[in-house]
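Contents: one structure, followed by commentary.
The figures here come from the full heavy-atom set of this structure, side chains too, leaving out hydrogens, waters and symmetry mates. This one's a predicted model, so the numbers in the text were calculated from it and none came from an experiment. Counting convention: from 1, in listed order, for ligands and their atoms alike.
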Amino acid sequence: MIRRQRSSSYDSIIPPHLISIKNIGRELVDELLMKAEDMKSIVLTKGGCDKLKYRVLASLFYEPSTRTSCSFSAAMQRLGGTVITVNEQQSSAVKGETLEDTIQTMCCYCDAIVIRHPMKGSSDMASKFSSKPVINAGDGTGEHPTQALLDIYTIKCELGTIGYETAGAPMIITLLGDLKHGRTVHSLVKLLLLYSGIKLVFISPPTLSLPSDIIKELDDANIEHITMNNIDEAISITDVLYVTRIQKERFNSLEEYEAVTGSYCIDANIMKKAKNRMIVMHPLPRNNEISKETDLDPRAAYFRQMEYGMYMRMAILDLFMKRNEVEF
Ligand code: NCD
């Protein structure tokens, strides 16, 4: 039987794995944004299609997840494929199997692996032992690239553009919360480096500010950014308010967590001072950083954000699973 590589212009811009935003360029991001739109119309008109029929996704979650794991599963099923899942408690990890061996096992059964793991760098490590595309669904305090992609897709759908190119009026994106441990923030900031007409505002408890290596990347790319002390200072100028929860599980002690919890909350009072076209985003889950009453405000985009996420993950699976596709 002769096997041959699919010749596609895509293949040169799609990396073998999606571990970090650093793996992808603007061309691929634009392609994913367009594909996510196609996926949205497929789902809204027919419910799904058979683009990934007979293909199998391995879903390895070693940390809790609702949205990421379910949206990847839903995305795969909407594309006609199936999902096999491994969860740590029921896997051979409890018998002492290494991540490396688990990855090599999964490669025998599936066409791509989605992995979430508490250790920073774990997805990168997994990719070294994988003959199939590895997609990072969160590696500890490292990165969460598919969330960042769905986040910018949300901005595009809600505001029509990512960054304002008109002179003198950048799009102001305010990131509020645990910027130190929040991997969604780390990936989003790195992704926004690919755009112009953006100004970033950072607001966090002083001990939870953005890591200095990411700040350096912003400086090197000449992206305007500023740190403010509280949301009151920033709300009236903000176009996108990206709120995150304090990542309790990443603290060394409960005392350290308790010293910062409850230090900010988006409520009707704050929303009163915001622009009419501002959107509020959140990767979710939330604790108490956005009040329930805010859910009723049409500018609250965090529930719509989840739906955009499924379309973006359909686009990601379609492109990465068909990379270097073999035809028979
Ligand atoms: C986030 C995560 O797991 O990093 N959620 C998500 O994937 N949608 C955010 C969080 O846990 O706070």
For Thr244 and ligand 1, answer yes if some heavy atom of the residue is under 4.0 Å from a ligand atom, otherwise no. no
Would you confirm whether Glu143, through its side chain, and Ile19, through its main-chain N or O, come within 3.5 Å as a donor-acceptor pair? no
Quick one: nearest non-hydrogen protein atom to atom 5 (N) of ligand 1, plus distance? Leu284 O, 2.8 Å
Polar atom proximity, Thr184 to ligand 1 (N or O, under 3.5 Å): no
Any salt bridge between Lys272 and Glu293, counting N to O under 4.0 Å? no
For Arg245, counting its heavy atoms only, list the atoms of ligand 1 lying under 4.0 Å from any of them. 10 (C), 11 (O), 12 (O)
Proximal candidate to atom 3 (O) of ligand 1 [heavy atom criterion; set Arg183, Glu249, Gln305, Arg67]: Arg183
N/O donor-acceptor pair under 3.5 Å between Arg323 side chain and Pro133 backbone: no
Taking only residues at least two apart or on different chains, which pairs with a member in residues 236-247 satisfy side chain to side chain donor-acceptor pair (under 3.5 Å)? Asp151-Tyr242, Thr174-Thr238, Thr184-Tyr242, Asp239-Lys275, Arg245-Glu249
Lys53 backbone acceptor or donor facing Asp50 side chain under 3.5 Å: no
In this structure, does ligand 1 have an atom that sits under 4.0 Å from one of the heavy atoms of Glu63? no
Which pairs count as ring-ring contact (aromatic ring centres under 6.0 Å, His included) when at least one residue sits in residues 108-165, sequence neighbours excluded? Tyr62-His117, Tyr153-Tyr308
I'd like to know if Lys292 pairs up with Asp295 as an ion pair, taking the criterion as any Lys NZ or Arg NE/NH1/NH2 lying under 4.0 Å from an Asp or Glu carboxylate oxygen. yes
Taking only non-hydrogen atoms of Gln247 and a 4.0 Å limit, the atoms of ligand 1 in range are 10 (C), 11 (O), 12 (O)
Does the residue Pro283 have a heavy-atom contact with ligand 1, meaning some pair of atoms that are separated by less than 4.0 Å? yes
Atom 7 (O) of ligand 1: the protein heavy-atom neighbour that sits closest, reported with distance to 0.1 Å: His144 NE2, 2.8 Å
Thr68 neighbourhood, listing ligand 1 atoms whose heavy-atom distance to it stays under 4.0 Å: 6 (C), 7 (O), 8 (N)
